[in-house]
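A short worksheet on the structure shown next.
Reminder, nothing fancy here: chain letters follow the sequence lines and each chain counts from 1. Just so it is clear, the values below take in all heavy atoms, side chains as well, and ignore hydrogens, waters and symmetry mates.
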Amino acid sequence: MDFNRIITEWYRINKRDLPWRKTRNPYFIWVSEIILQQTRVEQGLSYYLRFVDTFPDVSALAKASEQQVLEVWKGLGYYSRARNMHFTAKQVIQEFNGVFPSSFQTLITLKGIGQYTAAAIASICSDEAEPVVDGNVVRVFSRIFGFESPVGSTKIFKGVREKSKSFITDTDPGTYNQAVMEFGALFCKPKNPECERCIFKNECYAFKNNLVDKLPLPKTDKPKRDRWLNYLVIVTSEGMVMHQRGIKDIWASLWEFPLLESDRLITVNELIEWSLNEELLPTEIEIVQFEKDFQHILTHQRIFARFFIALPKQEVILQASAKWTIIHKDSISDLPVSRLIDKFIADSSIID
DNA sequence: AATTCGGGGTA
DNA sequence: TACCCAGAATT
């Protein structure tokens with residue numbers, strides 16, 4: 001079976017019209033590939049347009065602050081992608097004279113670029129016969145060619161890559177790679193694939209053996225970790241007390257309110273005791289509080305968040321410190337924050 | 001080789 | 001709910 005020719009022809013007819021398919025500029029391809037990591041095309045599209053509009057070339061990205069990059073990225077998730085892009089842009093300016101590399105060998109050395117992204121850029125931008133292996137490719141190959149190792153395993157990755165390498169050629173390898181992925185996204189879908197009108201109906205291992213809903217084999221996932229985040233939201237006329245998260249945990253380097261993490265949701269009295277220790281609230285001020293609870297689900301964690309809002313009855317002067325920053329009301333919306341914080345801000349009318 | 005890094009669409 | 005998306009870095 002001439003798999004390459006058949007799926008490439010299918011792609012020519014059925015492909016979606018997407019902005020990054022109108023260019024071979026490695027910078028734009030890079031941006032699109034990073035944004036689309038673990039992200040659906042429909043979700044990433046608006047982010048791509050905003051990103052290349054804000055940072056039209058690698059130089060513009062390198063000149064920006066990390067804050068500005070994260071601001072554009074806000075809400076997309078996996079924020080290390082944005083920080084790695086910023087790092088790599090600066091490296092390209094310094095070490096590659098501002099010319100974004102397009103060879104697999106060089107790309108793979110860059111931060112945030114792994115096997116998949118290096119193969120994607122190299123095949124699309126410089127016709128290198130490097131097969132990409134993403135979730136779509138694993139699914140398509142598992143079904144058609146009968147791979148039965150679980151998703152995410154080293155075995156399935158190596159097996160599928162080797163198989164795809166036997167099909168890819170140095171004539172338009174980028175189109176071949178994109179064709180397999182597009183076929184997986186539009187036709188050989190995870191649920192309700194279009195088997196009856198599929199061009200591989202007669203060859204497909206899964207279809208012939210009635211295993212379409214069994215393949216690819218799922219990876220066994222662990223139960224989510226539960227976490228309890230108690231936030232203190234101090235609002236005055238001049239602004240709010242906030243701080244930046246560290247680089248190890250979730251939401252690395254994003255902004256949030258003073259946080260007390262616990263093994264449960266805490267009471268207002270416990271929060272006040274903690275805030276006095278942290279010197280967050282002036283002791284002589286009487287405050288009015290109310291609470292608002294949110295639940296927020298991540299891939300590996302289930303987060304119970306409780307927001308305590310402190311509205312000083314009289315005018316107080318908030319003290320900034322090394323740990324706490326006073327953010328003026330007008331600047332809140334410019335701050336890179338997680339979806340959880342974003343939802344809270346949007347939901348409550350604290351920014352009046 | 002397993003875990004961790006978000007957020008949202010889909011059935 | 002559970003699944004999974006044009007994956008990479010860390011442990």
Side-chain angles (χ1 to χ4, degrees), chain A residues 11 15-16 18 20-21 29-48 70 73-85 87-88 107-121 123-124 130-140 149-158 161 164 174-186 188-193 213 216-225 227 245-254 295-303 336-343:
Chain A
Y11 178 71
K15 67 176 178 181
R16 288 167 290 184
L18 299 168
W20 49 86
R21 289 181 175 163
I29 300 300
W30 173 58
V31 172
S32 72
E33 293 299 345
I34 302 294
I35 287 179
L36 267 42
Q37 285 171 10
Q38 297 296 287
T39 304
R40 291 170 201 280
V41 167
E42 311 86 72
Q43 187 191 358
L45 181 56
S46 64
Y47 280 88
Y48 172 82
L70 282 169
W73 207 268
K74 180 164 71 177
L76 192 54
Y78 287 149
Y79 297 93
S80 65
R81 292 185 291 176
R83 288 188 286 115
N84 286 339
M85 283 185 86
F87 180 94
T88 292
L107 288 163
I108 197 71
T109 67
L110 300 177
K111 192 171 285 191
I113 296 183
Q115 288 272 354
Y116 166 80
T117 305
I121 300 173
S123 65
I124 294 170
E130 291 286 347
V132 297
V133 180
D134 76 330
N136 291 305
V137 181
V138 167
R139 185 172 58 257
V140 169
S149 301
V151 169
S153 65
T154 307
K155 201 167 181 180
I156 192 88
F157 175 79
K158 283 183 161 179
R161 187 177 51 172
S164 191
T175 298
Y176 163 77
N177 277 333
Q178 295 185 81
V180 183
M181 294 190 285
E182 189 78 336
F183 184 75
L186 298 183
C188 196
K189 297 173 291 183
K191 306 287 182 191
N192 305 326
D213 56 347
L217 261 47
K219 68 167 117 182
T220 55
D221 55 335
K222 299 195 335 174
K224 296 183 193 299
R225 170 161 70 123
R227 295 176 75 171
R245 289 181 66 84
I247 57 170
K248 296 293 265 184
D249 202 357
I250 56 171
W251 302 324
S253 71
L254 300 192
Q295 193 178 136
H296 191 74
I297 307 293
L298 306 180
T299 300
H300 300 285
Q301 299 181 17
R302 185 170 53 163
I303 289 164
V337 298
S338 69
R339 281 296 291 152
L340 171 63
I341 302 298
D342 206 42
K343 277 191 292 186

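When the C1' atom is used for both dA8(C) and dG9(B), the distance is 23 Å, rounded to whole Å. Taking the P atoms as reference points, dA6(C) lies 24 Å from dT4(B), given to the whole Å.
Between Ile108(A) and Tyr11(A), the residue anchored nearer the 5' end of DNA chain C, judged by the nucleotide with its closest heavy atom, is Tyr11(A). In terms of position on DNA chain C, the residue among Pro218(A) and Arg81(A) whose nearest nucleotide sits closer to the 5' end is Pro218(A).
Following rounding to the nearest Å, Tyr78(A) (OH) and dC4(C) (C1') show an atom-to-atom distance of 10 Å. Residue Ile29(A) contributes atom CD1, which lies 15 Å from atom P of dG7(C) at whole-angstrom precision. Spacing between atom CD1 of Ile121(A) and atom P of dG7(C) amounts to 13 Å, rounded to whole angstrom units. Computed from coordinates, the Met85(A) CE to dA8(C) C1' distance equals 14 Å when rounded to whole Å. Counting to the nearest Å, the C1' atom of dG7(C) and the CG atom of Leu107(A) are 15 Å from each other.
Among the heavy atoms of the strands lying under 4.0 Å from Thr299(A) is at least one base atom, whether or not backbone atoms are also near. Lys248(A) comes within 4.0 angstrom of sugar-phosphate atoms only, judged by non-hydrogen atoms across all strands, and of no base. If you check every strand for non-hydrogen atoms under 4.0 Å, Ser32(A) touches nothing. Using a 4.0 Å heavy-atom criterion, one finds that Trp20(A) contacts the bases of the nucleic acid, with or without backbone contacts as well. At a threshold of 4.0 angstrom between heavy atoms, the contacts of Ser153(A) with the nucleic acid are absent. Leu298(A) comes within 4.0 angstrom of sugar-phosphate atoms only, judged by non-hydrogen atoms across all strands, and of no base. Contact annotation for Asn192(A): backbone-only contact, meaning every heavy-atom pair under 4.0 Å involves sugar-phosphate atoms and none involves a base. Using a 4.0 Å heavy-atom distance criterion, Gly152(A) is classed as making no nucleic acid contact. No contact: Ile34(A) has no heavy atom under 4.0 Å from any strand.
Residue Gln38(A) has a polar side-chain atom (N or O) positioned under 4.0 Å from OP1 or OP2 of dG7(C).
The side-chain heavy atoms of Lys15(A) and Arg21(A), taken from C-beta on, include a pair separated by under 4.5 Å. In this structure, Gln295(A) and Arg302(A) have side chains that are in contact, with non-hydrogen atoms separated by less than 4.5 Å. For the pair Ile124(A) and Glu33(A), the minimum side-chain heavy-atom distance is below 4.5 Å.
Read 5' to 3', the first and last nucleotides of DNA chain B with an atom closer than 4.0 Å to a heavy atom of chain A are dA1(B) to dA11(B).
Around NZ of Lys224(A), the count of heavy atoms belonging to other residues, nucleotides or ligands within 6.0 Å exceeds 12. Residue Lys189(A) places its NZ atom among more than 12 non-hydrogen atoms of other residues, nucleotides or ligands, all under 6.0 Å distant.
For the residue pair Gln37(A) and Tyr116(A), no side-chain donor N or O sits within less than 3.5 Å of a side-chain acceptor on the partner.
Near DNA chain C, meaning a heavy atom under 4.0 Å away, the residues from residues 39-47 of chain A are Thr39(A), Arg40(A), Val41(A).
Listed by chain and residue number, Arg227(A), Arg245(A) satisfy the salt bridge (charged side-chain N to carboxylate O under 4.0 Å, His left out) test with Asp249(A) (two or more places apart in sequence, or in another chain).
Of all heavy-atom pairs between Gly44(A) and Thr39(A), the closest is N-CG2, 4.0 Å. Scanning all heavy atoms of the two residues, the minimum distance from Tyr176(A) to Ser164(A) falls at OH-OG, 2.9 Å. Here the closest heavy-atom approach between residue Val180(A) and residue Val140(A) is recorded as O-CG2, 4.0 Å.
For Arg21(A) and dA6(C), a side-chain-to-base donor-acceptor distance below 3.5 Å is present, hydrogens and geometry of angles not being considered.
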